[in-house]
Amino acid sequence: MKLCMIGTGYVGLVSGVCFADLGNNVICVDKDTKKIDLLLKGKIPIYEPGLSELVNKNYRNKRLKFSTNLKKSIIESDIIFICVGTPTKKSGSSADLSQIFNAAKEISLSINKFKIVVTKSTVPVTTGDQIEKILRKKNSSKKFSVVSNPEFLREGEAIRDFTYPDRIVVGSNDKKSNRLMHSLYAPLISKGAQYINTSRRAAELIKYASNAFLATKITFINEIANLCENTGINVEDISIGMGLDKRIGGRFLRAGPAYGGSCFPKDTKAITSTADKFKTNLSVIKSVIRSNESRSNLLLNKIYKILNNKVKNKKITFLGVTFKANTDDMRDSASLSMIPALSKKGAKIRYFDPTGYKKEFSKLKNVQNFENIKDSVQNTDLVIIHTEWNDFKSINFKNLVKGKKFTIYDMRNIYSPSKIRKQGFRYFSIGR
Ligand code: UGA
């Protein structure tokens, strides 16, 4: 099939290249000429394991193209995926849909034959209805169908999540588009992926409800971890004990810093704001947002306690500063509130991240980037393991520094407390 992906961010680029790899002809379009120039040179604007290889393979075999010409790309395609951003509005907590509606307007001007217009971006319930309205202004409704097909990719695992999805959700209000979407996904369905067809509005809500539920699960275990710390219990025992109940499931029960990233913080806010519009109070999700927003402060207080409230001039090393491992994404990372707060109190921050220097800290006093773990921990007072990169999972701390031993605050519970303490380090972790 001939596909057009509008937007070459995370969603558009990963889905586009994976569709190409399944044998489709895909044009990835973006207004950002710099991004397209980069992609045409075989360079990938984001860090995602395996993406570069897959892009180059499919570009070479000519199934994948990049373009800034939206009109031409739409005319040449059967299915058009809208994959633009839906960030939180500057004022308030609802999703800013301007990029979605701009894309819909552009599509409405170039419909030359029957097209399926699919929203892959995360959009509030009834957005599909509004896109349909825009398209209908310039076109007969027989010429197009608007479908919701949310993506469930995790950064860092995106290619595997696309290739082996737990489910494929297609929300359509007509049989023809459902049939075509089913055949597009046939290679994945034949490998065992569940395909479910719902109403368009239901598909839109499935995406938000899923992210809000996962955020709730994480926040729940984070609060239980707080209780574990005060009662001498290991939170990991709780996660295992709860997770073995099939009704609960063990995944996303890892306690840690506040959840971050480009999705959970924005989507939890957007779903409560949509619900408010429909006069429905999502009080559980509202309380999850509050709990998560206060988590960085809670962990900061723990850091102050670890340092006996003497933060000034203390050398603190962050291992990893992105919102999680295997990504270079800094959006809503817990480090973005912790590092400035510590720097304000006069701490000397060093950080090492496998994805390198971060411009987000460039204006802060006393924040220094290091190129490797070893240099970043020399003469430091406290090491904070902030993300769970493999690079941080088997560090021989004892061999790393001679003489002075630092304190370790392992926010991802990577190490065994007893083993690390036996090596002579003061060691703290989350909920144990
Ligand atoms: C999330 C969802 O997992 C995807 O299914 C969804 O498609 C995506 O949002 C999206 O809407 O685009 P992502 O934000 O890439 O994916 O990352 P996650 O792996 O879900 O992690 C989100 C945050 O939760 C991170 O800060 C992570 O450290 C934290 N987390 C995750 C925990 O603290 N504990 C866990 O057990 C799992």
Side-chain angles (χ1 to χ4, degrees), residues 7 9-15 46-49 51 83-88 95 119-124 149-162 164-169 203-225 235-236 238-240 242-243 248-271 288 291-293 295-296 299 320-338 385-389 392 410-414 429-431:
Y10 225 91
V11 178
L13 187 57
V14 172
S15 317
I46 50 173
Y47 176 89
E48 178 62 36
L51 186 59
C83 308
V84 295
T86 54
T88 306
T119 43
K120 257 217 175 293
S121 309
T122 302
V123 292
N149 171 217
E151 58 80 21
F152 301 103
L153 312 175
R154 283 165 302 164
E155 293 188 15
E157 317 270 348
I159 291 167
R160 194 173 58 204
D161 283 350
F162 183 96
Y164 303 100
D166 287 342
R167 79 299 206 192
I168 296 156
V169 175
E204 289 169 341
L205 188 53
I206 286 170
K207 168 70 190 192
Y208 275 108
S210 301
N211 273 3
F213 188 78
L214 291 171
T216 305
K217 216 173 162 187
I218 297 164
T219 306
F220 183 89
I221 202 66
N222 281 342
E223 288 199 352
I224 295 293
V235 71
E236 283 173 357
I238 309 299
S239 297
I240 293 167
M242 281 174 67
I248 298 173
R251 294 172 72 188
F252 276 64
L253 279 181
R254 275 179 289 114
Y259 64 71
S262 63
C263 305
F264 289 172
K266 133 181 120 59
D267 294 348
T268 43
K269 281 183 206 146
I271 190 178
V288 165
S291 174
N292 193 61
E293 282 176 351
R295 185 150 184 84
S296 290
L299 298 196
V321 287
T322 53
F323 80 96
K324 63 169 189 179
N326 301 320
T327 179
D328 59 355
D329 200 337
M330 287 296 290
R331 283 176 287 180
D332 271 307
S333 172
S335 71
L336 289 175
S337 53
M338 288 198 270
I385 303 175
H386 179 262
T387 56
E388 68 282 31
W389 282 85
F392 306 148
D410 177 0
M411 292 188 178
R412 299 287 178 169
N413 290 353
I414 293 175
S429 53
I430 301 276

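Both counts, for ligands and for their atoms, begin at 1 and track the order of listing.
Summarising the geometry of Ser296 relative to Ala334, their closest heavy-atom pair is OG-CB, 3.9 Å, with the distance given to 0.1 Å. Across His386 and Gly320, no two heavy atoms sit closer than the pair CB-O, 3.0 Å. Minimum heavy-atom separation, Phe264 to Leu214: CZ-CB, 3.6 Å.
Taking each of Phe323, Phe264, Phe152 in turn, the one with a heavy atom nearest to atom 2 (C) of ligand 1 proves to be Phe264. In this comparison of Arg154, Lys207, Arg295, Glu155, the heavy atom closest to atom 11 (O) of ligand 1 sits on Lys207. Proximity annotation for atom 18 (P) of ligand 1: of Lys324, Arg331, Arg254, Met411, Lys324 comes nearest, heavy atoms only.
Among all non-hydrogen protein atoms, the one lying nearest atom 29 (C) of ligand 1 is Ile218 CD1, 3.8 Å. If you check which protein heavy atom lies closest to atom 26 (O) of ligand 1, you get Gly260 N, 2.9 Å. Scanning all protein heavy atoms for the shortest distance to atom 4 (C) of ligand 1 gives Leu153 O, 3.4 Å.
Contacts with ligand 1 closer than 4.0 Å are made by heavy atoms of both the backbone and the side chain of Glu151. Within the 4.0 Å heavy-atom criterion, the part of Asn211 lying near ligand 1 is the side chain and not the backbone.
The main-chain N or O of Ile430 is found under 3.5 Å from a side-chain atom of Asn413 such that the two form a donor-acceptor pair. Within the 3.5 Å criterion, the main-chain N or O of Thr122 finds a donor-acceptor partner in the side chain of Thr86.
Less than 4.0 angstrom separates some heavy atom of Tyr259 from each of these atoms of ligand 1: 23 (C), 24 (O), 26 (O).
Heavy-atom separations between Arg412 and ligand 1 include at least one value shorter than 4.0 Å. Taking a 4.0 Å cut-off on heavy atoms, Cys263 registers as neighbouring ligand 1. Under a 4.0 angstrom heavy-atom cut-off, Glu157 registers as lying outside contact with ligand 1.
Interatomic distance, CD1 of Ile385 versus CE of Met411, reported as 10.0 Å (0.5 Å rounding). To the nearest 0.5 angstrom, Glu223 atom CD is 13.0 Å from Ile218 atom CD1.
In this structure Asn211 satisfies the side chain to side chain donor-acceptor pair (under 3.5 Å) test together with Asp267, sequence neighbours excluded.
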